[in-house]
Protein chains: 2
Amino acid sequence: MMKGEIIVLETEFFKALAHPTRLRILEKLAFGEVCVCEFIEKLDLEQSNISQHLAILRKQNIITSTKVGLKVMYRIKYPEVLNVLGLVREVLAKQLKESEELIKHLTDPFE
Amino acid sequence: MMKGEIIVLETEFFKALAHPTRLRILEKLAFGEVCVCEFIEKLDLEQSNISQHLAILRKQNIITSTKVGLKVMYRIKYPEVLNVLGLVREVLAKQLKESEELIKHLTDPFE
DNA sequence: TTGCCTTATTCTAATATTATAATCTTTTTT
DNA sequence: AAAAAAGATTATAATATTAGAATAAGGCAA
């Protein structure tokens with residue numbers, strides 16, 4: 001596999017995560033299996049839209065599903081993905097803390 | 001800050017990383033400061049295009065720049081971002097390894 | 001000052017993503 | 001078998017991203 005191809009894979013991976021609905025889906029899956037019906041109920045979005053977002057995460061091999069009667073249960077396939085989300089949140093937290101401090105210096109410039 | 005707002009921040013962060021050119025830029029910056037001229041030379045893309053991608057990473061607070069004479073030097077602002085890239089590569093490696101094994105079972109089904 | 005070099009910004013056309021609506025498919029229930 | 005339930009898929013209109021061309025801005029050198 002060539003370097004350029006890996007970058008494309010990485011890009012596709014990041015694209016799969018780059019949508020609020022898909023992040024919300026993963027957030028729910030962090031606690032365990034969830035059926036589509038529950039996503040519909042909790043996320044308050046159109047069924048077909050949720051199905052499309054699930055398809056994108058499935059295609060990227062981030063989640064898998066099994067059919068149980070009429071329902072389809074989804075779960076996270078590689079739990080490491082949750083670590084990625086956690087690490088991103090850490091970076092964001094650090095960024096926010098710094099801008100907070102900047103604001104503090106702006107409002108109390110002589111302390 | 002509300003939960004929904006955090007998700008939007010995360011989404012914006014992932015979007016910033018979801019482009020091959022921007023990943024290539026970060027890959028180069030992993031070794032230290034790089035000037036725009038070097039990106040132009042190494043990435044073989046239009047100057048304005050590179051400048052646009054740098055602007056996106058700047059806006060997301062992932063990189064910063066300083067002007068040195070005519071040149072502008074860029075560097076990674078939060079090195080943790082590199083850990084995110086590393087973790088993603090680990091997930092991809094694991095995914096690829098699994099599909100390799102699947103292929104192996106397909107081609108040598110009786111071993 | 002004038003011109004040149006490096007980078008940034010703006011504009012635009014092409015492409016990609018997204019949400020909704022409509023239409024299947026599959027499984028269960030009656 | 002027919003109807004209902006749960007999801008998936010397809011089509012499409014609206015929106016967002018992208019690359020390239022043209023232009024602008026900032027700093028240096030003659």
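Since the structure is predicted, the reported quantities are computational estimates derived from the model, not experimental observations. The chains referred to below are lettered A, B, ... by the order of the sequence lines, with proteins before strands, and numbering in each begins at 1.
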Return the value, rounded to whole Å, for the distance between atom CD of B:Gln52 and atom C1' of C:dA14. 14 Å
Sole residue of B:Glu38, B:Arg58, B:Glu33 in side-chain hydrogen bond (donor to acceptor under 3.5 Å, both in side chains) with B:Tyr74: B:Arg58
Length of the line joining A:Leu45:CG and C:dA21:P, which is rounded to integer Å: 13 Å
Using heavy atoms and a sub-4.0 Å distance, could you list which residues of residues 9-30 of chain B are near DNA chain C? By number, please. none
Test item: A:Met73 and A:Val34 side chains (from C-beta on) under 4.5 Å apart, heavy atoms: no
Find which nucleotide of DNA chain C each of B:Leu70 and A:Leu70 is nearest to by heavy atoms, and output the residue with the more 5' nucleotide. B:Leu70
Please list, in 5' to 3' order, the outermost nucleotides of DNA chain D lying under 4.0 Å from any heavy atom of chain B. D:dT17 to D:dC28
Taking the side chain as C-beta and beyond, is there a heavy-atom pair between A:Ile63 and A:Arg75 under 4.5 Å? no
For the pair made of NZ in B:Lys67 and P in C:dT6, what is the distance, rounded to whole Å? 12 Å
Hey, what do you get for CD1 (B:Ile6) to CG (A:Leu92), rounding to the nearest 0.5 Å? 9.0 Å
Start with the C-alpha distance between B:Leu17 and B:Leu26, add both sets of side-chain angles, then the distance that settles side chain to side chain contact (heavy atoms under 4.5 Å, CB included), and finish with yes or no. CA-CA 9 Å; B:Leu17 299 182; B:Leu26 293 178; 3.5 Å; yes
d(CG, A:Leu57; P, C:dT18) in whole Å: 11 Å
Whether B:Tyr74 contacts C:dA8 is assessed here as follows: a side-chain N or O lying under 4.0 Å from the phosphate OP1 or OP2. Is that the case? yes
Figure out the CZ/C1' separation between B:Arg58 and C:dA8, and round it to whole Å. 8 Å
Between A:Glu98 and B:Tyr78, a side-chain donor and acceptor under 3.5 Å: yes
Taken to the nearest 0.5 Å, the spacing of B:Leu85 CG from B:Leu23 CG works out to 6.5 Å
Considering every strand and a 4.0 Å limit on heavy-atom distances, what is the contact class for A:Glu46: base, sugar-phosphate, or nothing? sugar-phosphate
Output the rounded distance in Å from NE2 (B:His53) to P (C:dT7). 17 Å
Separation of A:Lys71 atom NZ from C:dT27 atom C1', in whole Å? 13 Å
Roughly how far apart are A:Lys94 NZ and B:Asn61 CG, rounded to 0.5 Å? 12.0 Å
Taken to the nearest whole Å, CD/A:Gln47 to P/C:dA22 is 14 Å
Step by step, work out the side chain to side chain contact (heavy atoms under 4.5 Å, CB included) result for A:Ile25 and A:His53. CA-CA 9 Å; A:Ile25 286 172; A:His53 286 298; 4.0 Å; yes
